[in-house]
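Notes for the one structure printed next.
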Amino acid sequence: MNILTNEDNPNTLKLIIAAKVVQQSVTVKKVEPKESFLGRLPSIELSSGLVLFSTNAAMQLIIPPSEELKIINSKWLEWEISQLQSAITFYGSTGIYKTTHKSGLWSLLEELNNVLKDKKYLIKDNNDLSLADICIWVTLWSTVLVTEIGNELCREYQHINNWISNIESHPIIQDSIKEYKFERGLKAISSIQAVSWFPINTIQNFRSPKSADIQLSPTKEKEMEAVSQEEMHIISSNWSSILYPDVKNFPYPVLPKKDEKNVLITSALPYVNNVPHLGNIIGCVLSADIFARYCRQRNYNTLFISGTDEYGTATEAKALEEKTTPQSICDKFFDIHNDIYRWFNIGFDYFGRTTTPEQTEIVQKFFLRIKSQGYILSETVDQLLCESCDRFLADRFVEGTCPRCKYEDARGDQCDGCSHLINATDLISPRCKVCSNRPIIKKSEQFFLDLPKLENKLKEWLSTVENGWSGVARVVAKPWLRDGLKPRCITRDLKWGIPVPIKGFENKVFYVWFDAPFGYMSITKRYTKEYEQWWKPKDIKVDLYQFMAKDNVPFHAIMFPASLLAANEDYILLKHLMATEYLNYEDTKFSKSRGIGVFGTDARDTGIPSDVWRFYLAYVRPETQDSNFNWVDLATKNNSELLNNFGNFVNRALVFVERYFESKIPPIELQEDDLIVLALAQRELSSYICAMEQAKLRDGLKHILAISKHGNQYMQFQEPWVKIKGTDNDKKRAGTIIGISCNMACLLSALLAPFMPSTARELRSQLGLATNSYGYIPDLITNILPTAHKIGKPSPLFKKIEDKSIETLRKKYAGKQETTNEHSDVKSLDNAIAELDTKVKELKAKHDKSGWQSSQVQIFSDLKKKLSDLISEKNKSSDSKNKKPEIVLVPEQNGDVSMDVASLESAIAMQGNLVRTLKSKEEKSVWQPEVEKLLKLKKQLADLTGIAPTSNEKKSKKKK
Ligand SMILES: Nc1ncnc2c1ncn2[C@@H]1O[C@H](COP(=O)(O)OP(=O)(O)OP(=O)(O)O)[C@@H](O)[C@H]1O
Ligand SMILES: N[C@@H](CCS)C(=O)O
């Protein structure tokens, strides 16, 4: 086990003790905070290679508590990290050591003292040093115990005193203290605070120059910047003078405008070969959605487009597997994706698909244009033909060994081992994915995009934009140009795809990666006929942000821009390529095809709200390196960050107003302490905006949590519950504290909305604000809630996730999921029948009729009949399972869907229900596309029956 730590950090001592308890060797390396990931220390690399940044989570992995002690241990660990450490760091960094200011900490110590009565260790009936004992002891022993209140603590709390000495004399503790020497006291407090989960650039303390009566060492002084008089002055002068803006009401369709900020956002278009997993979700649609929501709350003209990528061999392979047509696979999975994204609250302006006339028209038009500009080559190439399947094998129909990295299961288009694109014919030992036979090579003429001819143009363009790309996007794209580009084949001998509009090539289609990125345009065209205002703006600046995971980068960084540059028609090129690394599932790779991980539908079935999923996925978003989804961590983050930190702060503030101020915001008279907390919040707000503008979503989220943590510490320190019972002046002061806290809660509701829209909406309703807007995200902190503003009814925003339920979920989703392939058991039955057939054939070959018609063969045929019955049963039930009873999505109206009057009427009724449901819960961007569909259906019905739509519908049409 390796530990990276800064100097004097008590949390490192905890880990050393834990390692000794389980007799594991440990290497400690001291580093500067800035050398570490996000500045959080200690970080722990376990022998499995897993790196953890939460000491207490690591402790639980090193010394897993027994099943029955798990809950009690985690309760105390949570208490230690979110309450005790928080009170101690706050207490220490204020530099105020007067007993009147220590009661927040004192009440925690009292709680501990009561529990320790007549006990050697903390956990009842357990005579051993527990995880909780180690963590709490280390924190107290290393910090307050050696400050001037240490003696007072020991005098006042006898049980704690006994317990502390008891643990200190434990041999393991003695050994550990000798091994990891550090300066206890204020330095240790600063050390925890300096590298806690606050991002490094916002390390700060509460100590204003006036209140400081203890000098920190000069180095610490520099490291922990105090709030300056100037920062406080800025807060006080903005507080009442700057008006808090409203969020614009964006009309439909949203179009870019001159001299305004226009942001076009796309998320990679997922293939329709399976149910998306959590990796897919954070890798593209969720990240794009969080960013789009942020942009809308900043009043940028924002269009967020996505959809399903329906052509290509992924679809064909799935159709083959499910013994159906590619089109029905697309229809089925389009609905599944749409449902899942809706459950995750993804607010697309339009979620479309690529099998539309618009897509065919745009792709063929671009191809002809690129060809006319001289960037298309044709060449006779070797292709793999599977003779037993009688088809050319492209991309996903062929597997083999990667010629670069020798990964054995490389696909025909890309290697999962090294991410490199490959030509199928270059695979070593290729095999047909359908029948596993080795294909032969056959000649065929194909079109190529002349990438070498476009190389200079690409390089020139890249140099102007790559600074705005995420690190991984740059890392993946760079070697492409460095290694020199080669012509890329863009047509295939397949039937499922967009036909190549050239004589002699009628039986070929475009390669899916040539057509898919044009999907962004064609889907925009289905959203609005004015789509070129976004994609080919004249005299208007539009910034294109594209979200995806790392494997999609080459197509967006090289291939698609190359096509647009070749067309030379002033279409916009991407400005910000926001790629992520991969999210892993409990240390293994998520995989759609292998059914590993948690899938969108599973997430819905857990009962954990979609907002909590959104929060956790953003929290572990693989922004700079692969990250890990972990069930225990999900529960810990929910319980500590959402419940104890964010939820606790806003709920305390609101309940206080309800109880003591008749639910009305009290008058606020700012004092220095208030200016300090607001200045600290301002720092976080500025950092939040800075992170979000660069789509560093995970960092953005951490800044939100830092604000609520400041809020909690402020309340804890100011104790309005004591002041409200004091003199008139004290009461006034309590009012100010609560008024400020409610204003902070209001700011937090706006900042949280991109991540957790339903929670933000609920919070805004509790704050007595209109819920048709999520609130503007301001640059500066001002007074948002005026005096006497009436709040709504406070109630807890989050629920605790119990250890037991998370363990049940972890077990349930361990290993391979069958849910991703409803036909897998049918498939295995199919295989069983095939095997039985072979056995009968073998028997027939070896014996004469009397021999093979023996009872054995009879058993085989009985079994075969049983299996066939089972298969038809299964197929029936899976067909009925696929029917969605409540909300049935109406098929995309692309001109080729003809319905009779009865079906149209029932489709209208269902779509009407869907629109009503969405309108009551969702924002306009979510329900508007559904309204469009409803209107189209009504028009179809009117055309069919000759009866015009009612005035109501006309009105709603006019309004747009
Ligand atoms: N673990 C992951 N973390 C983040 N993004 C991912 C992850 N896996 C895939 N993606 C992204 O999700 C989208 C769909 O990917 P894809 O269909 O290849 O999924 P997959 O699970 O890797 O499939 P398979 O295992 O069947 O090859 C792509 O944009 C891809 O970049
Ligand atoms: N269908 C591709 C993305 C196209 S933009 C994928 O899922 O990887």
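Please read all numbers here as calculations on a predicted model, not as lab measurements.
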Distance (rounded to the nearest 0.5 Å) between [X] [atom1] and [Y] [atom2]:
{"X": "Phe615", "Y": "Ser610", "atom1": "CZ", "atom2": "OG", "value": "14.0 Å"}
{"X": "Leu705", "Y": "Lys637", "atom1": "CG", "atom2": "NZ", "value": "10.5 Å"}
{"X": "Leu642", "Y": "Lys800", "atom1": "CG", "atom2": "NZ", "value": "13.5 Å"}
{"X": "Arg404", "Y": "Cys418", "atom1": "CZ", "atom2": "SG", "value": "6.0 Å"}
{"X": "Ser470", "Y": "His576", "atom1": "OG", "atom2": "NE2", "value": "11.5 Å"}

Going by heavy atoms in the side chains, are [X] and [Y] under 4.5 Å from each other?
{"X": "Leu643", "Y": "Asn648", "value": "no"}
{"X": "Gln414", "Y": "Asp551", "value": "yes"}
{"X": "Val598", "Y": "Phe629", "value": "yes"}
{"X": "Phe599", "Y": "Ile340", "value": "no"}

- Name all residues meeting the side-chain hydrogen bond (donor to acceptor under 3.5 Å, both in side chains) criterion together with Asn280; count only those two or more places apart in sequence or in a different chain, and write none if there are none.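 Testing Asn280 for side-chain hydrogen bond (donor to acceptor under 3.5 Å, both in side chains), a comparison that skips the adjacent residues, returns His277.
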
- Verdict with reasoning, Glu693 to Tyr294, per side-chain hydrogen bond (donor to acceptor under 3.5 Å, both in side chains): CA-CA 9 Å; Glu693 289 290 328; Tyr294 164 80; 2.7 Å; yes

- Dump the intermediate steps for salt bridge (charged side-chain N to carboxylate O under 4.0 Å, His left out) on Glu310 and Arg353, then the final yes or no. CA-CA 7 Å; Glu310 305 196 345; Arg353 49 203 301 189; 2.9 Å; yes

Report the residues that fulfil side chain to side chain contact (heavy atoms under 4.5 Å, CB included) with [X], sequence neighbours left out, ordered by chain and then residue number.
{"X": "Pro561", "result": "Leu458, Trp461, Leu573"}
{"X": "Leu797", "result": "Phe646, Val650, Thr759, Glu762, Leu763, Gln766"}
{"X": "Gln694", "result": "Cys690, Lys696"}
{"X": "Asp626", "result": "Lys550, Glu581, Tyr582, Asn584"}

- Query: Under 4.0 Å between a Lys/Arg side-chain N and an Asp/Glu carboxylate O for Arg296 and Asp349?
  - Reply: yes

- Is a salt bridge present between Glu684 and Lys702, judged by a nitrogen-to-oxygen distance below 4.0 Å? no

- Task: Check the pair Arg621, Ser287 against side-chain hydrogen bond (donor to acceptor under 3.5 Å, both in side chains), reporting the backbone distance first and the verdict last.
- Result: CA-CA 8 Å; Arg621 182 170 185 256; Ser287 293; 2.8 Å; yes

- Any chance NZ of Lys799 has more than 12 other-residue heavy atoms, nucleotides or ligands included, within less than 6.0 Å?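 12 or below, so no.
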
- Message: How about CD on Glu408, more than 12 heavy atoms from neighbouring residues, nucleotides or ligands closer than 6.0 Å, or not?
- Response: no

- Query: Where the side chain of Asn273 meets the backbone of Lys318, is there a donor-acceptor pair that is under 3.5 Å apart?
  - Reply: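 Answer holds: no.
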
- Sidechain-backbone polar pair: Ser627 side chain, Val620 backbone, donor-acceptor under 3.5 Å: yes

- Criterion side-chain hydrogen bond (donor to acceptor under 3.5 Å, both in side chains) on Asp515 and Thr354, from CA distance to verdict: CA-CA 8 Å; Asp515 102 62; Thr354 54; 4.7 Å; no

- Query: Going by atom types alone, do Arg698 and Tyr619 pair a side-chain donor with an acceptor below 3.5 Å?
  - Reply: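 The answer is no; no qualifying pair exists.
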
- Query: Between the side chains of Asn9 and Asn6, does any donor sit under 3.5 Å from an acceptor?
  - Reply: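 Looking only at side-chain atoms, Asn6 and Asn9 do form a donor-acceptor pair, the distance falling under 3.5 Å.
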
- Sequence neighbours excluded, which residues qualify as ring pair (Phe, Tyr, Trp, His ring centres under 6.0 Å) partners of His556? Trp513, Tyr520

- Message: Test side-chain hydrogen bond (donor to acceptor under 3.5 Å, both in side chains) on Asp543 and Tyr300; report intermediate values, then the result.
- Response: CA-CA 11 Å; Asp543 289 342; Tyr300 305 155; over 6 Å; no

- Query: Just one of Ile346, Ile305, Thr308 clears the side chain to side chain contact (heavy atoms under 4.5 Å, CB included) bar with Phe351, so which one?
  - Reply: Thr308

- Task: Compute the centroid of each ring, for Phe560 and then for Phe518, and state whether the two points are separated by less than 6.0 Å.
- Result: yes

